[in-house]
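Beneath this line is the structure, given in C-alpha cells, with notes to follow.
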Amino acid sequence: MKSAEANYPQISQHELQAMAYSDPLTGLGNRYRLRDKVRQLAAERASDPAPFTIGIANIDGFKPINDLFGAAAGDEILCQVAHRLKACIPDGATVTRHEGDEFAFILPLVFERTGAERIGHMIKDVLSAPYDLGDRNVRLSSSFGFAVYPFAGQEFEDLLKSAETALYRSKRRGRGQITVYSSEIAQEMKRATQLEQALRNAIITDAVEVHFQPIVRLTDEMVIGFEALARWHDPDLGFVSPAVFVPLAEERGFIDALSETLLRKAVEAALSWPRDLFLSFNLSSAQLMDPGTADNILSILGRAGFDPSRLELEITETAVMTSAETATKIISDLKQAGVRISLDDFGTGQSSLGRLRDFTFDKVKIDRAFVSRISTDRPSEHIVKAIVTMCDGLDLEVVAEGIENRNESEKLRGLGCEMGQGFFFGRPADANATLRYLRDNFRDLAPVGA
Ligand code: C2E
Ligand code: CA
Ligand code: CA
C-alpha cells in the first residue's frame with residue numbers, strides 16, 4: 001500500500017484546496033469560490049449593512065458555436081471570455097465560471113440597480129468584440145442577470161436564484177439583455193410560469209383550438225385557401241393571444257407538442273374542404289431548429305391522409321436565419337414531399353432579399369404594417385409595388401396580409417398583388433363556421449346537415 005501511494009505526486013493541502021475551488025479550463029474560481037466569497041462578504045456586511053451585487057453572464061448562442069466549430073473552439077472562446085472578464089471587472093470584484101457558458105461576478109461596490117446595469121453594459125460591450133479562432137472570427141452577444149444583496153436574498157442560494165431568475169428573464173427577451181432582479185420581475189416570471197402550466201394542461205386536455213382565416217384571389221375575391229390560427233381560451237386567464245402563448249411554448253420547450261395538436265386539428269378540418277383549397281399553417285422558429293420537424297409534419301399528414309401538396313407552411317426570416325443549415329434541410333425535405341413554403345411577415349425583421357433566392361420559397365406574405373399604410377403613405381405604396389415586382393421576377397406568389405377595407409384591396413390589386421387576406425374578406429372563424437361558409441359558397445360540397 002505504502003509504496004503504491006508513494007508513486008503519486010505529493011499534493012499539498014493548499015493545492016488540493018485551490019483545485020477544489022477553481023475551474024480547470026479557464027483558471028477562474030468555480031461555483032464553490034463564488035459561494036464562499038458571497039458568504040464571506042455577507043458576513044462582513046452583517047455589521048455594516050451596505051448592499052453588494054452578484055451577476056451572471058450567459059453567452060448567447062454558444063451551443064450552436066460548439067456544435068458547428070467543435071468543442072476546442074468552444075473552449076477557446078470560454079478562455080477568451082474569462083480573460084476579458086478578468087481584465088474589465090472593477091477593482092475588488094471577483095469573476096468565476098459558474099457552469100458551461102455561464103460566468104458569475106461579485107461586485108462589492110455596486111449597491112443598486114443603475115450601478116448594476118452600468119457594469120452590465122460595460123461587460124456586454126467587452127464581450128461583444130469578435131473572438132479570434134485562428135481561421136475565423138466569431139461575434140457573440142451575452143445576456144445578464146443581477147441580484148442586489150440583501151433585497152434579492154440574504155442567503156447565498158436565494159441571492160443566486162434571484163440572479164438566475166433575472167438572467168432567465170433577459171434570455172426570454174432576446175439576446176444581449178440585462179436584468180436586475182426586483183419583486184416586479186419575480187411577479188412577471190411567476191405569471192409566465194402559471195401561463196405555462198395552464199397551457200401545458202390545455203394541450204393535454206385538447207383545449208387549444210384552431211381557427212381559419214380565408215385567403216382570397218384579389219381579382220374575383222374567390223377563397224383559395226385558409227390560414228390556420230391557434231386559439232386558446234383559458235377558464236381562469238381568459239383569452240390568451242397566440243402572440244403570447246406560441247413564444248412561451250417555444251421558450252419552455254414544448255412547441256412540438258403544441259404545434260402537433262394544432263396541425264392535427266387543422267388538417268382534420270381541412271379534409272372536409274373542397275380539394276383545391278389549400279391549408280396554410282404557421283411554423284415557429286424553434287421548429288426550424290429541430291431536425292425532427294419535417295418527419296413529424298409528414299407523419300401527421302400521413303396519418304390523416306392529407307395530401308402534402310395542399311399544405312403551405314408559413315415561416316419567418318428570423319427563423320430561417322437563426323439556424324440556417326437545419327432550416328434548409330427541413331425545408332428541402334418538406335418541399336420534396338410536395339409541401340409549399342411561404343415567407344411570412346415579409347418586410348419586417350432583418351429582410352434579406354438574397355434569402356428569397358437561397359431558400360426557394362413559393363410564396364411571400366407582405367406584412368400588414370405596409371398594407372395598413374398603403375392608402376395614406378406613398379413610401380409604403382412604393383415598397384409594396386417593389387415587393388410585388390420582385391416576386392414576379394422570381395416567380396413567387398404574393399399575398400398581402402391584413403386587408404381591412406375595399407380601398408386597400410383595390411389598391412393592392414392595382415399594384416399587381418395576386419392574393420389577399422384580412423378582416424375585409426373574413427375574420428378567423430372556427431372549423432364549423434368555416435365549413436358552413438364553404439357549404440354555402442362551394443357547389444361541390446354537400447349542404448349543411450347532409
Ligand atoms: P401571423 O402569422 O402574422 O398571423 C396573422 C395575424 O394577423 C393573426 O393574428 C390574424 O388574426 C391577424 N389578422 C388577420 N387579418 C387582419 C386584419 O385585417 N387586421 C388586423 N389587425 N389583424 C389581422 P393572431 O391570430 O392573433 O396571431 C398572431 C400571431 O401568432 C401570428 O401572426 C403567428 O405568428 C402566431 N400564430 C398564430 N397561430 C399560430 C400557430 O398555429 N402556430 C404558430 N407557430 N404561430 C401561430
Ligand atoms: Ca402567418
Ligand atoms: Ca403574417
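When a ligand or atom number is given, it counts from 1 through the structure's own listing order. What you see is a predicted model, and the numbers here were worked out from it, not measured in a lab. Numbers here are sequence positions counted from 1. When reading the values below, keep in mind they use all heavy atoms of this one structure, side chains included, and skip hydrogens, waters and symmetry mates.
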Item checked: Full working for side chain to side chain contact (heavy atoms under 4.5 Å, CB included) between Leu248 and Glu251 -> CA-CA 5 Å; Leu248 185 79; Glu251 281 156 22; 4.2 Å; yes
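The protein heavy-atom contact nearest to atom 15 (N) of ligand 1 is Gln213 NE2, 3.0 Å. Protein heavy atom in closest approach to atom 27 (O) of ligand 1: Pro242 CG, 3.5 Å. Annotation: atom 10 (C) of ligand 1 to nearest protein heavy atom, Leu229 CD1, 3.8 Å. Closest to atom 16 (C) of ligand 1 among all protein heavy atoms lies Phe423 CE2, 3.3 Å.
Restricting Glu314 to its N/O/S atoms, the shortest distance to the Ca ion (ligand 2) is reached by OE1. The Ca ion (ligand 3) lies closest to atom OD1 when only the N/O/S atoms of Asp345 are considered.
Contact annotation for atom 37 (C) of ligand 1: protein present (non-hydrogen atoms, distance under 4.0 Å).
Salt-bridge check for Arg231 with Asp430: failed, with every basic side-chain N at 4.0 Å or more from each acidic carboxylate O. One finds a salt bridge joining Asp220 and Arg217 here, because a Lys/Arg side-chain nitrogen approaches an Asp/Glu carboxylate oxygen to under 4.0 Å. Look at Lys329 and Asp333 and you find a salt bridge, because one of the NZ, NE, NH1 or NH2 atoms lies within 4.0 Å of a carboxylate O, short of that distance.
Of the N and O atoms on the side chains of Ser143 and Asn58, not one donor lies less than 3.5 Å from an acceptor on the other residue. Under 3.5 Å, the side chains of Arg340 and Ser280 contain no donor-acceptor pair of N or O atoms.
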